[in-house]
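Computed from a prediction, not measured in an experiment: that's the story for all the values here.
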Amino acid sequence: MTKFEQLEQELQRLVPFTIRYKNEAWEMQVLNLLVWWFCPDFLTRFTTVIGQTIYLPSRAYVQQHEASAMRTLAHEMVHMLDQERFTKPVFMLGYLFPQILAVGVFSFPWLGLWSLGFLLFLLPWPAPFRAHVEIRAYALDILTSSPGQQAQVLAWASHQFSSWSYYKMYPFTSEVEHALQRQVRRVEKGEDAHLLKVLLVYELIANP
């Protein structure tokens with residue numbers, strides 16, 4: 001059994017989940033048609049969580065980059081636990097807000113041309129809830145990196161919040177850096193039980 005498989009098995013004790021691969025999932029091929037224009041590497045570089053399913057790029061990716069795949073799995077487990085904490089509907093709506101409000105354009109029959117105003121929500125407005133849950137997950141990326149790389153991972157993670165990869169969800173880099181550092185300290189002090197559980201399981205497998 002590989003370390004990745006061991007980590008998957010142990011994390012299943014926290015929240016049951018299924019792993020699938022984007023290059024084998026038709027639904028990810030369809031979703032890619034919607035997001036490729038701002039996230040062209042969606043199928044090959046990014047992991048996606050929908051419900052209880054974690055979609056990794058491919059089996060080959062996991063085999064060739066096991067250490068990175070393990071850290072990614074720990075990152076996504078934070079989202080799985082937050083789904084349980086907030087409930088899945090609240091988590092999904094919060095994660096997609098405010099862009100999800102663009103569906104209001106379908107009120108055209110009742111609101112007429114006024115309904116076109118909902119298309120403004122397709123712009124990359126700041127997404128506070130999405131930023132909040134990603135700060136929690138990226139704090140784990142920092143904690144699972146080696147001490148000598150943590151500053152580099154912090155800078156990289158902070159950049160993600162203002163990149164198109166997350167639809168520019170929170171383009172205030174300095175504020176994001178401070179929030180990530182605060183979250184890391186909370187975990188180190190044992191003040192965030194959910195993240196601490198994931199970190200301990202990860203450390204048990206990755207660094208026995």
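- Using modelled atom types, one finds a donor on one side chain and an acceptor on the other under 3.5 Å when comparing Thr144 with Arg71.
- Side-chain N/O atoms of Tyr170 and Glu175 include a donor and acceptor closer than 3.5 Å.
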Go through it in stages, so that I can follow the logic: the residues are Ile50 and Met28, the test is side-chain contact (heavy atoms from CB on, under 4.5 Å), and I'd like the CA-CA distance, side-chain angles, deciding distance and then a yes or no. CA-CA 10 Å; Ile50 299 179; Met28 289 293 106; 3.7 Å; yes

Inset, instruction - Kindly indicate, with the supporting measurements, whether the criterion salt bridge (Lys or Arg N to Asp or Glu O under 4.0 Å) is fulfilled by Arg13 and Glu10. - result: CA-CA 6 Å; Arg13 300 176 188 274; Glu10 289 301 318; 3.1 Å; yes

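- For the atom pair Thr48 OG1 and Lys22 NZ, the distance stands at 3.0 Å (nearest 0.5 Å).
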**Steps toward side-chain contact (heavy atoms from CB on, under 4.5 Å) verdict (Glu134, Met169)** = CA-CA 10 Å; Glu134 289 296 348; Met169 64 179 165; 3.7 Å; yes

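- Closest of all the heavy-atom pairs between Val49 and Glu76 is CG2-OE1, 3.1 Å.
- Val198 is connected to Leu196 through a chain of hydrophobic side-chain contacts under 4.5 Å among Ile, Leu, Val, Met, Phe, Trp and Tyr, so both are in one cluster.
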Notebook entry, point to check: Can you check side-chain contact (heavy atoms from CB on, under 4.5 Å) on Gln29 and Leu43, steps first, answer last?
Noted result: CA-CA 8 Å; Gln29 308 295 323; Leu43 290 177; 3.7 Å; yes

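- Taking both residues in full, the closest heavy atoms of Leu122 and Ala102 are given as CD2-CB, 3.5 Å, listed atom of the first, atom of the second, then distance.
- Shortest non-hydrogen contact noted between Met77 and Phe17 is CE-CE2, 3.3 Å.
- The backbone N or O of Gln149 lies less than 3.5 Å from no partner atom in the side chain of Gln152, so there is not a single donor-acceptor pair.
- Atom NZ of Lys168 sits in a crowded spot, with more than 12 heavy atoms from other residues, nucleotides or ligands closer than 6.0 Å.
- Counting all heavy atoms, side chain and backbone alike, Ser158 lies closest to Leu180 at OG-CD1, 3.6 Å.
- Leu143 and Glu203 make their closest contact through O-OE2, 4.1 Å (heavy atoms, listed as atom of the first residue, atom of the second, distance).
- The two atoms that bring Leu154 and Glu177 nearest to each other are CD1-O, 4.1 Å, heavy atoms only.
- No more than 12 heavy atoms of other residues, nucleotides or ligands lie within 6.0 Å of CH2 in Trp26, so this atom counts as exposed by the packing criterion.
- The distance from atom CD1 of Ile142 to atom CD of Gln181, rounded to the nearest 0.5 Å, is 7.5 Å.
- A heavy-atom distance below 4.5 Å is found between the side chains of Asp192 and Arg136.
- Here the side chain of Gln52 pairs a donor or acceptor atom with the backbone of Pro16 at under 3.5 angstrom.
- With contacts defined as side-chain heavy-atom distances shorter than 4.5 Å, the pair Ile135/Phe161 qualifies.
- In this structure a side-chain-to-backbone donor-acceptor pair under 3.5 Å is present from Lys3 to Ala206.
- Asp41 is listed as a side-chain neighbour of Thr44, based on a closest heavy-atom distance under 4.5 Å.
- Hydrophobic cluster membership differs between Tyr55 and Phe46, with clusters built from Ile, Leu, Val, Met, Phe, Trp and Tyr side chains linked at under 4.5 angstrom.
- The hydrophobic cluster containing Phe129 also contains Leu195, counting ILVMFWY residues as joined when their side-chain heavy atoms lie under 4.5 angstrom apart, directly or transitively.
- Note: the hydrophobic cluster containing Leu14 also contains Leu200 (ILVMFWY, side chain heavy atoms under 4.5 Å, direct or indirect links).
- Hydrophobic clustering (side-chain heavy atoms under 4.5 Å, transitive across Ile, Leu, Val, Met, Phe, Trp, Tyr) keeps Phe97 apart from Tyr95.
- Note that the CE atom of Met80 and the CD1 atom of Ile54 stand 5.0 Å from one another [nearest 0.5 Å].
- In this structure, CG in Asp82 is found 7.5 Å from NE2 in His194, a value given to the nearest 0.5 Å.
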- request: Show the numbers, then the answer: is there a side-chain contact (heavy atoms from CB on, under 4.5 Å) between Trp156 and Tyr138?
  value: CA-CA 10 Å; Trp156 166 77; Tyr138 274 106; 3.5 Å; yes

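- Note: Leu101 CG to Trp125 CH2 = 12.0 Å, rounded to the nearest 0.5 Å.
- A donor-acceptor pair is defined here as one N or O able to donate and one able to accept, closer than 3.5 Å; no such pair exists between the side chain of Tyr61 and the backbone of Arg45.
- Separation of atoms CZ (Phe91) and CG (Leu96) is listed at 9.5 Å; rounding is to 0.5 Å.
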